[in-house]
Number of protein chains: 2
Amino acid sequence: MKKNPKPSSKRNENRACAEHHHDPKPSIERAARILKDAGLKSTKPRSALLEAMTRFHAPFSTEELFRAVKASDLDLVTVYRSLATFSDLGIVSRVDLGDGVVRYELRSPDGSHHHHFVCQECQKVEPLDSCEIKAQENRLRELGYSQLSHRLEFFGICPDCREHSRADARTR
Amino acid sequence: MKKNPKPSSKRNENRACAEHHHDPKPSIERAARILKDAGLKSTKPRSALLEAMTRFHAPFSTEELFRAVKASDLDLVTVYRSLATFSDLGIVSRVDLGDGVVRYELRSPDGSHHHHFVCQECQKVEPLDSCEIKAQENRLRELGYSQLSHRLEFFGICPDCREHSRADARTR
DNA sequence: AGAATATTGCAAACTGTTTGCAATGACATC
DNA sequence: GATGTCATTGCAAACAGTTTGCAATATTCT
Ligand SMILES: [Mn+2]
Ligand SMILES: [Mn+2]
Ligand SMILES: [Zn+2]
Ligand SMILES: [Zn+2]
């Protein structure tokens, strides 16, 4: 869908998916409209946070977002509250990677969602390009379950880290 | 909050899966052997905890297990430490339902795993009887990802709660 | 029984997150 | 552009779940 900024070196081979990037403008504009439509105010902290969020290429914690925007000194509590608001409005979605930290990511305007692979060696988080559990959700729906949603993440060792550890083993 | 007992006719209809139950004896024996094989000691707190765990039919938090065994007064810290140990040894597995609480469940001796449905109305947690994402894991493996594992949960409204809310709507 | 070592309890620290409240800021109306 | 209203913010403090340090205790081995 999107071409990679880097020439196709070895670096970006074997990726689960290349997509974790947002064009800043449409994302920010969408968020601004959602806020306005909800009757919420457009404030300096909120704008700064929205802008900062577009610079992340992976899910970020509240603390990380706070640091990313630290220049425009606002309080950490404001970041917590803003993210809660953004989440309620569907501007961001929660990502739970199973360490005790809540993360978020800007939701893509098209409403699609994706899951992640987390490397347990280098901690890198990669998006996966498709969600394949509609089938299971449909089966649950037929059993009477409703308003279904799900959370799914994969863990393991990424190709890079695997390669490195093999190289290490060879030299040792 | 408390769940009312219902006529057994409807009770087990429309279930995602009926299985969240362990026979106490084999589970405890298995755990005991694993502990011994690992060179760890068989202590009164550990035994009490193992025994208490078999009485849960859904994933339990540290605090819940603590309360369940409170008679044999042991410290909450001991419960934390024991569960960490049990988890390392594969006696229990971590279940993360996305509220900030770590839960565990006794692992079935056959090594199989399952995922859960969490009702956002009554908080009930039901096991699902099959894991259907081997396919996606295999695809990742072919891309060079290794030592794969995953976490998956479903959320929504269970058939019971859905039925209740419909009844409510009718009477209103 | 005695030595070696793993485990426990207790208190205190820690991390991520939430809450209360008074001061400030946004925005609609005049 | 001033004014009133209400949402939003900052600051301090509370909070929940979990982890750590350490001395006392319990288990296992010989
Ligand atoms: Mn993502
Ligand atoms: Mn289960
Ligand atoms: Zn890696
Ligand atoms: Zn329910």
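Residue numbers start from 1 in every chain, and the chains themselves are labelled A, B, ... in the order their sequence lines are given, proteins ahead of strands. What's counted below: heavy atoms across the whole structure, side chains too, no hydrogens, waters or symmetry copies.
- Mapping heavy-atom proximity under 4.0 Å, the span of DNA chain C touched by chain A runs 5' to 3' from C:dG16 to C:dC27.
- A centroid separation of less than 6.0 Å is found between the aromatic rings of B:F117 and A:Y145.
- Following chains of ILVMFWY side-chain contacts shorter than 4.5 Å, one can reach B:V69 starting from B:M53, so the two form part of one hydrophobic cluster.
- Between the CG atom of B:D88 and the C1' atom of D:dT19 there is a distance of 14 Å, given to the nearest Å.
- The side chain of B:Y80 places no N or O atom within less than 4.0 Å of a non-bridging phosphate oxygen (OP1 or OP2) of D:dT19.
- Note: A:F154 CZ to A:H116 NE2 = 12.0 Å, rounded to the nearest 0.5 Å.
- No side-chain heavy atom of B:Q147 sits less than 4.5 Å from a side-chain heavy atom of A:E121.
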Distances for protein N or O near nucleotides 5-9 of chain D N or O, under 3.5 Å:
unit_1, atom_1, unit_2, atom_2, d
D:dC6, O2, A:K41, NZ, 3.0
D:dA7, O4', A:K41, NZ, 3.3
D:dT8, OP1, A:K41, N, 3.2
D:dT8, OP1, A:R46, NH1, 2.7
D:dT8, OP1, A:R46, NH2, 3.0
D:dT8, O5', A:R46, NH2, 3.4
D:dT9, OP1, A:T43, OG1, 2.6

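- Judged purely by atom type and a 3.5 angstrom limit, A:S87 has no side-chain atom pairing as donor or acceptor with the backbone of A:L83.
- In this structure, B:E64 places its CD atom 13 Å from C1' of D:dG17, rounding to the nearest Å.
- Under a 4.0 Å N-O distance rule, the pair B:R33/B:E29 does not qualify as a salt bridge.
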Worked check of salt bridge (Lys or Arg N to Asp or Glu O under 4.0 Å) between A:K124 and A:E126:
CA-CA 6 Å; A:K124 181 171 54 190; A:E126 297 183 15; 3.7 Å; yes
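- Heavy-atom distances to DNA chain C give each of A:T62 and B:L76 a nearest nucleotide, and the one nearer the 5′ end belongs to B:L76.
- The distance from the CG atom of B:L50 to the CG atom of B:L106 is 7.5 Å, given to the nearest 0.5 Å.
- Position along DNA chain D of the nearest nucleotide to B:E63 versus B:S42 favours B:E63 as the more 5'-ward residue.
- The residue among B:D73 and A:G100 whose nearest nucleotide of DNA chain C lies closer to the 5′ end is B:D73.
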